[in-house]
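Here the structure is laid out as structure tokens; the discussion comes afterwards.
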Amino acid sequence: MATNMPALRRATLVLAVSAFALAGFARADDPPQPRAETAAPAGQKGGRGGAAQSPSQNSSSSAEPHRLPSDSTTKQTLDLPGRTLNFAATAGSIRVFDGKGEPLADIAYTSYELDDADRATRPVMFLFNGGPGASSAWLQFGAAGPWRLPLDGEALSPSASPEVKPNAETWLDFTDLVFIDPVSTGYSRFIASGEDARKSFYSVDGDVNAIALVIRRWLEKHDRLTSPKYVAGESYGGIRGPKVVRQLQLQHGVGVRGLILVSPLLDFREFTGTSLLQYVATLPSYVAVAREAKGAVKRADLADVEAYARGDFLADLVKGEVDKEATNRLADKVAELTGIDQAVSRRLAGRFDVGEFRREFDRKGGKVTGRYDGSVRGFDPYPDSSSSRFGDPSGDALQAPLTSAAVDVLTRKLNWRPDGSYEVLNGAVEGKWDFGRGINPPQSVSELRQILATDAKLNVLVAHGLFDLATPYFGSKRVLDQLPAFATQRVKFIVYPGGHMFYSRDGSRQALRSEVETLIRE
């Protein structure tokens with residue numbers, strides 16, 4: 001799902017992931033190691049900075065009512081076409097402490113580890129979604145985990161059955177999986193109270209520090225430091241992913257072989273304020289939505305639109321509305337490509353933000369398009385209103401079945417029963433998030449360059465959906481095209497039919513799995 005900052009706070013919600021582990025692994029009550037057990041407040045480096053001490057007895061007892069249950073490990077068997085997978089699933093948590101050894105938060109994870117595998121050579125992948133405020137349920141039960149919940153067609157309804165089924169496209173065949181729920185998502189929760197504790201996690205840097213710390217703790221406790229390691233992030237996970245890999249390299253002594261970014265946001269700057277590049281980024285996806293309404297569409301079918309977006313369209317944008325001829329030419333071309341009324345396009349000077357496009361595309365039919373998937377349409381609850389008051393038909397409908405599915409798997413299949421509510425998508429987190437101040441909005445392109453320059457063996461896969469209006473694919477394409485040659489040789493960019501969660505489509509999910517397997521086996 002994606003992220004929001006002023007104008008962007010409508011643009012990016014992200015998905016995150018839960019995680020499982022084996023018996024004898026890290027418990028929620030494990031005391032911090034003296035070496036690198038602190039999650040630093042925002043703006044400070046975590047890890048090697050300060051020596052953490054064991055929490056006092058008073059601290060432990062005061063935190064007791066808020067504890068998550070002890071980790072639960074169960075043996076599972078999954079019957080799939082042509083093979084049977086036997087694995088250990090662990091639902092549990094890792095406790096994060098501050099520099100004084102006081103507990104800050106319990107970070108929940110769900111891990112799946114294949115039986116009878118060589119732990120030294122078996123790959124392990126850490127997955128998270130975005131938001132900020134999204135649990136890892138989306139990637140776990142939509143794409144990579146052993147069990148899958150249908151997320152399209154008749155399943156796109158709040159009252160759809162939350163029953164999961166064996167996932168024939170699970171990535172467990174070729175890598176162990178650890179899904180991480182950042183604090184305040186899933187069952188992850190604060191232990192400490194007060195504003196300082198919240199600030200330690202609800203920020204770009206503090207969030208990255210905490211996730212990198214949890215990854216290193218999991219590797220140590222599960223005796224997997226020698227395993228080949230991979231990181232996968234979705235949506236705001238595009239900001240998290242490169243930064244987490246960089247943090248692991250520099251602060252935790254952990255190298256990563258590969259980074260998978262699903263529907264990522266890499267740079268907020270082109271989506272905010274008066275940036276003209278936001279219109280360049282979204283135009284190909286708008287046209288993809290329009291053409292999908294008439295028949296199946298692939299990225300190759302949009303070659304003409306991509307060329308126009310980075311050529312004459314951008315040139316006319318730069319000329320500005322002071323040039324009436326250029327503005328009308330641009331507006332009329334956008335109307336022709338999208339099918340939106342020419343008068344509306346001229347009124348908006350051909351500059352449609354995502355909300356305007358979603359309402360105007362099928363306004364005559366009283367419907368709005370999805371933000372996560374523009375090919376999905378739903379009724380506008382206020383079709384005659386002058387203001388836009390509608391949700392997302394491609395995302396809102398999934399929260400109820402996905403929440404129920406996650407709770408059912410954790411409690412019934414994995415025998416882990418925390419108290420409190422499971423937060424599949426916690427909007428309060430994004431509202432309190434510290435995206436930073438000043439003239440430099442969050443971006444992870446700098447870290448992406450650095451990790452590729454530091455490790456010549458690191459490969460990156462970036463995957464997008466054609467109809468995603470939350471993190472449009474052409475925005476990432478423009479960013480990646482600016483990388484130096486040494487980096488582009490190890491970055492693969494693929495666009496699939498579908499939206500933000502393009503893996504909800506069978507063909508796209510199968511193709512993504514194949515690409516991830518190829519990356520890991522290289």
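- Ring centers of Phe467 and Phe502: at least 6.0 Å apart, outside the cut-off.
- Remark: side-chain polar atoms of Ser263 are paired, donor with acceptor, to backbone N or O of His500 under 3.5 angstrom.
- Contacts classified as salt bridge (Lys or Arg N to Asp or Glu O under 4.0 Å) and involving residues 321-330 (residues at least two apart or in different chains) are given here: Asp316-Arg329, Glu325-Arg329.
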Item to check | salt bridge (Lys or Arg N to Asp or Glu O under 4.0 Å) assessment of Arg291 paired with Asp304 | outcome: CA-CA 13 Å; Arg291 293 182 179 177; Asp304 61 319; 3.1 Å; yes
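- Aromatic rings of His464 and Tyr473 (six-membered ring for Trp) have centroids beyond the 6.0 Å cut-off, not under it.
- Listed here is the closest heavy atom pair of Arg299 and Leu466: N-CD1, 3.7 Å.
- Inter-residue side-chain proximity for Asp392 and Tyr372 is flagged as met; some heavy-atom pair is nearer than 4.5 Å.
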Item to check | Intermediate values then yes/no, salt bridge (Lys or Arg N to Asp or Glu O under 4.0 Å), Asp176 and Arg122 | outcome: CA-CA 7 Å; Asp176 290 338; Arg122 170 77 172 167; 2.9 Å; yes
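- Note on Asp380 versus Lys367: no salt bridge recorded, every NZ/NE/NH1/NH2 to OD/OE distance being 4.0 Å or above.
- When atom types are taken as modelled, the side chain of Lys243 and the backbone of Gln443 share a donor-acceptor pair closer than 3.5 angstrom.
- Identified under the salt bridge (Lys or Arg N to Asp or Glu O under 4.0 Å) test for residues 501-511, with sequence neighbours left out: Glu169-Arg509, Glu292-Arg505, Asp506-Arg509.
- In this view, Val318 and Leu276, Leu314 satisfy the side chain to side chain contact (heavy atoms under 4.5 Å, CB included) rule, not counting sequence neighbours.
- Atom CG of Leu480 is separated from atom OG1 of Thr488 by 9.5 Å, given to the nearest 0.5 angstrom.
- Defined by atom type and a distance below 3.5 Å, a donor-acceptor pair is missing between the side-chain atoms of Gln278 and Asp353.
- The cationic atom of Lys333 (NZ for Lys, CZ for Arg) does not lie both less than 6.0 Å from the six-membered ring centre of Phe313 and within 45° of the ring axis.
- For residues 488-501, the pairs satisfying salt bridge (Lys or Arg N to Asp or Glu O under 4.0 Å) are Lys492-Glu515, with sequence neighbours left out.
- Between the side chains of Arg240 and Ser444, no donor-acceptor pair is found at a separation under 3.5 Å.
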Checklist entry - Should Tyr496 and Gln510 be marked as a side-chain hydrogen bond (donor to acceptor under 3.5 Å, both in side chains) after you check the CA-CA gap, both sets of side-chain angles, and the distance that decides it? => result CA-CA 11 Å; Tyr496 299 104; Gln510 293 160 4; over 6 Å; no
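- Among residues two or more places apart in sequence or in another chain, the side chain to side chain donor-acceptor pair (under 3.5 Å) test is passed with Arg521 by Glu517.
- Side-chain contact between Ile340 and Val334 is absent, with no heavy-atom pair separated by less than 4.5 Å.
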Next on the checklist: I'd like to know whether Asp455 forms a salt bridge (Lys or Arg N to Asp or Glu O under 4.0 Å) with Arg257, so could you lay out the CA-CA distance, the side-chain angles of the two residues, the decisive distance to 0.1 Å, and finally the verdict.
Outcome noted: CA-CA 9 Å; Asp455 191 341; Arg257 293 274 188 91; over 6 Å; no
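- Side-chain contact, Asp373 with Ser375: a donor N or O sits under 3.5 Å from an acceptor N or O.
- With contacts defined as side-chain heavy-atom distances shorter than 4.5 Å, the pair Leu469/Thr282 does not qualify.
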Item to check | Derivation and outcome, salt bridge (Lys or Arg N to Asp or Glu O under 4.0 Å), residues Arg363 and Asp341 | outcome: CA-CA 10 Å; Arg363 186 159 189 147; Asp341 185 83; over 6 Å; no
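- No donor-acceptor contact under 3.5 angstrom links the side chains of Glu195 and Tyr202, judged on distance only.
- For residues 316-359, the set of pairs meeting the ring-ring contact (aromatic ring centres under 6.0 Å, His included) definition, not counting sequence neighbours, comprises Tyr286-Phe357, Phe357-Phe361.
- Ring geometry, Phe435 versus Trp433: the interplanar angle falls from 30° to 60°, so the pair is classed tilted.
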